[in-house]
Number of protein chains: 2
Amino acid sequence: MEAAHLTPEPAREDRRGGRPAAGTDPQKRRQILEGAGRIFSTTGFDASSMSDVAREARVSKATLYVYFQDKEHLFTAICAERRDRNISEILSLLDTEKPFESVLTEFGTEVLTILSEPFVVAAHRIVIGVAERMPEVGTEFFERGPKRVSAALGKFLDHHVAAGRLEIADTYFAATQFLELIQASIIRPRLYGAITSPPTRDEIEKNVASAIAIMTAGYAPREQR
Amino acid sequence: MEAAHLTPEPAREDRRGGRPAAGTDPQKRRQILEGAGRIFSTTGFDASSMSDVAREARVSKATLYVYFQDKEHLFTAICAERRDRNISEILSLLDTEKPFESVLTEFGTEVLTILSEPFVVAAHRIVIGVAERMPEVGTEFFERGPKRVSAALGKFLDHHVAAGRLEIADTYFAATQFLELIQASIIRPRLYGAITSPPTRDEIEKNVASAIAIMTAGYAPREQR
DNA sequence: GCGGAATTAAACCGACCGGTTCAGTTGATG
DNA sequence: CATCAACTGAACCGGTCGGTTTAATTCCGC
């Protein structure tokens with residue numbers, strides 16, 4: 001039963017240089033992840049069968065189970081990869097050396113753009129949907145995703161509070177406020193399927209600009225109010 | 001096959017006053033809705049079986065299918081009932097005659113309190129989770145729920161814009177901003193299961209107060225800025 | 001306490017699920 | 001070109017699902 005799962009991490013060195021050990025070919029792994037991503041994101045978690053995934057990824061079901069222990073692990077692997085890619089891109093924008101408002105604008109625009117991608121919307125839907133039954137999936141996703149972004153933005157705000165540009169008691173909280181604000185009228189309707197296509201660049205920029213205006217007014221240093 | 005579904009709406013008048021016609025006893029209907037609510041909200045949609053529901057509601061599976069056409073209709077019926085109850089309660093608070101800030105405080109507090117109820121969180125999770133596969137469920141939920149609240153709040157804001165207390169170009173949009181703001185740090189983590197218990201009254205009031213402060217600053221009439 | 005309708009419990013259906021197995025094919029290596 | 005492991009395809013397993021059927025039972029107005 002466990003034979004397939006506990007692939008005993010075949011030491012790279014005793015592989016004869018040529019063909020990758022079973023379940024270790026990175027190219028095939030990507031092939032599976034991408035196929036599975038398409039299936040999961042269009043069908044949801046429960047309604048996607050591993051047979052569907054195998055077909056879409058052009059891989060036999062047997063191979064699927066060599067690369068991934070089970071359906072849940074396959075799904076979390078997909079999430080992890082996409083999430084880490086997106087998050088690092090987002091966080092790199094929070095440069096405290098550059099002008100405050102322009103950084104915030106770029107940052108907000110990027111966050112909102114990524115959150116609007118169909119795949120990302122689908123992933124959020126799935127994770128939220130299974131959170132009741134599979135809490136670890138939900139918490140891990142949240143903590144390695146949204147929470148990290150909020151924390152990083154909080155630190156960024158700290159810097160500008162210290163510089164006197166803002167007056168914020170709880171910068172982490174303010175960060176979550178900003179991140180909620182930019183999503184207004186855009187993300188929620190998409191989550192529920194009331195809107196089916198991503199917002200235009202204009203809508204995104206308008207949302208971000210409005211959020212920045214409101215936050216800077218609301219958290220302006222006391223002497224400026 | 002359809003016999004059970006197309007219960008030909010037995011005209012009330014030719015029922016002999018006594019026992020309710022099959023599938024029409026409101027007490028039994030409630031009994032089913034409540035049992036099903038408990039099952040769905042703790043197990044999710046896909047993972048709940050109709051047999052589980054029947055057991056929890058202390059009703060036979062056959063009866064279940066006399067009262068509700070299928071699993072989806074049962075679920076949407078639950079949503080509809082709860083939603084309509086909650087929404088009408090919320091909207092009744094938007095009294096334009098009472099003081100602006102206190103109404104907004106009460107309103108925001110009530111919205112946030114309801115959104116934090118375990119059952120409501122579970123319902124949102126489910127609807128979002130199935131939105132990809134069952135778009136009608138998601139859109140109906142959104143439009144008869146969040147959208148109505150935003151619209152009503154928008155109208156409320158209109159009134160106070162006219163009174164010169166605020167300066168808002170798009171009040172519907174501002175309403176969605178306010179509704180997102182009050183949820184900051186509270187609702188999202190719960191949706192993902194990173195927080196498992198409802199917020200305290202203090203947290204709620206703090207969130208609402210902060211949201212109001214930010215919004216009034218951000219949308220203050222120009223001469224006050 | 002009879003008659004008829006609502007309800008029940010349980011068996012049943014076909015479909016499909018996640019996951020496993022295995023005989024056979026492929027393809028790089030030496 | 002022989003070898004050997006990775007991979008394939010399809011059958012297969014036990015289990016569960018949504019939904020239906022049926023025969024027995026409960027309930028209630030008369």
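Remember, predicted model here, so these are calculated numbers, not experimental data. Naming convention: chains lettered A, B, ... in sequence-line order (proteins, then strands); numbering from 1 in each chain.
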**Request:** Give me the one residue out of B/Thr109, B/Leu181, B/Leu104, B/Val111 that meets side-chain contact (heavy atoms from CB on, under 4.5 Å) with B/Val208.
**Result:** B/Thr109
**Asked** For the salt bridge (charged side-chain N to carboxylate O under 4.0 Å, His left out) test, which of A/Arg190, A/Arg85, A/Arg82 pairs with A/Glu117?
**Response** A/Arg82
**Message:** If I take atom OH in residue A/Tyr65 and atom C1' in nucleotide D/dA10, what distance separates them, rounded to the nearest angstrom?
**Reply:** 16 Å
**Request:** Just say parallel, tilted or perpendicular for the rings of B/Tyr192 and A/Phe141, cut-offs at 30° and 60°.
**Result:** parallel
**Message:** Has A/Lys61 got a side-chain atom pairing as donor or acceptor with A/Asp52's backbone, closer than 3.5 angstrom?
**Reply:** no
**Asked** Rounded to whole angstroms, how far apart are CG on B/Asp70 and P on D/dG19?
**Response** 5 Å
**Request:** Return yes if a side-chain donor-acceptor contact under 3.5 Å exists between A/Glu132 and B/Thr42, otherwise no.
**Result:** no
**Message:** Can you tell me if B/Ser49 touches the phosphate of D/dT16, counting only side-chain N or O atoms and a distance under 4.0 Å to OP1 or OP2?
**Reply:** no
**Prompt:** Are OP1 or OP2 of D/dT8 and a side-chain N or O of A/Thr63 less than 4.0 angstrom apart?
**Reply:** yes
**Request:** Grab the CG-P distance between B/Leu64 and D/dG18 for me, whole Å please.
**Result:** 10 Å
**Prompt:** Is the side chain of A/Arg133 donor-acceptor paired with the backbone N or O of B/Ala47 at a distance under 3.5 Å, no angle test?
**Reply:** no
**Message:** B/Ser116 and side-chain contact (heavy atoms from CB on, under 4.5 Å): which single residue from B/Thr200, B/Ile186, B/Ile195 fits?
**Reply:** B/Ile186
**Item:** Value in whole Å for how far the P atom of D/dA10 lies from CE of A/Met50
**Value:** 18 Å
**Item:** Distance, rounded to the nearest Å, where B/Phe68 contributes CZ and D/dG19 contributes P
**Value:** 13 Å
**Request:** Flag the pair B/Arg83 and B/Glu140 as a salt bridge only when some basic side-chain nitrogen lies within less than 4.0 angstrom of an acidic carboxylate oxygen.
**Result:** yes
**Asked** Within less than 4.0 Å of OP1 or OP2 of C/dT7, is there a side-chain N or O belonging to B/Tyr67?
**Response** yes
**Prompt:** CZ of B/Arg55 versus P of C/dT8: gap in Å, rounded?
**Reply:** 15 Å
**Asked** Among residues 31-47 of chain B, which contact DNA chain C at a heavy-atom distance under 4.0 Å?
**Response** none
**Asked** Roughly how many Å is it from NZ in A/Lys71 to P in D/dG15, rounded to a whole number?
**Response** 19 Å
Considering only nitrogen or oxygen atoms on both sides, find all protein atoms under 3.5 Å from nucleotides 10-12 of chain C and state each distance.
none

**Message:** Between the side chains of A/Lys155 and A/Asp158, is the shortest nitrogen-to-carboxylate-oxygen separation below 4.0 Å, so that they form an ion pair?
**Reply:** no
**Fill in**
To the nearest angstrom, the CD-P distance between B/Glu72 and D/dC17 comes to 18 Å
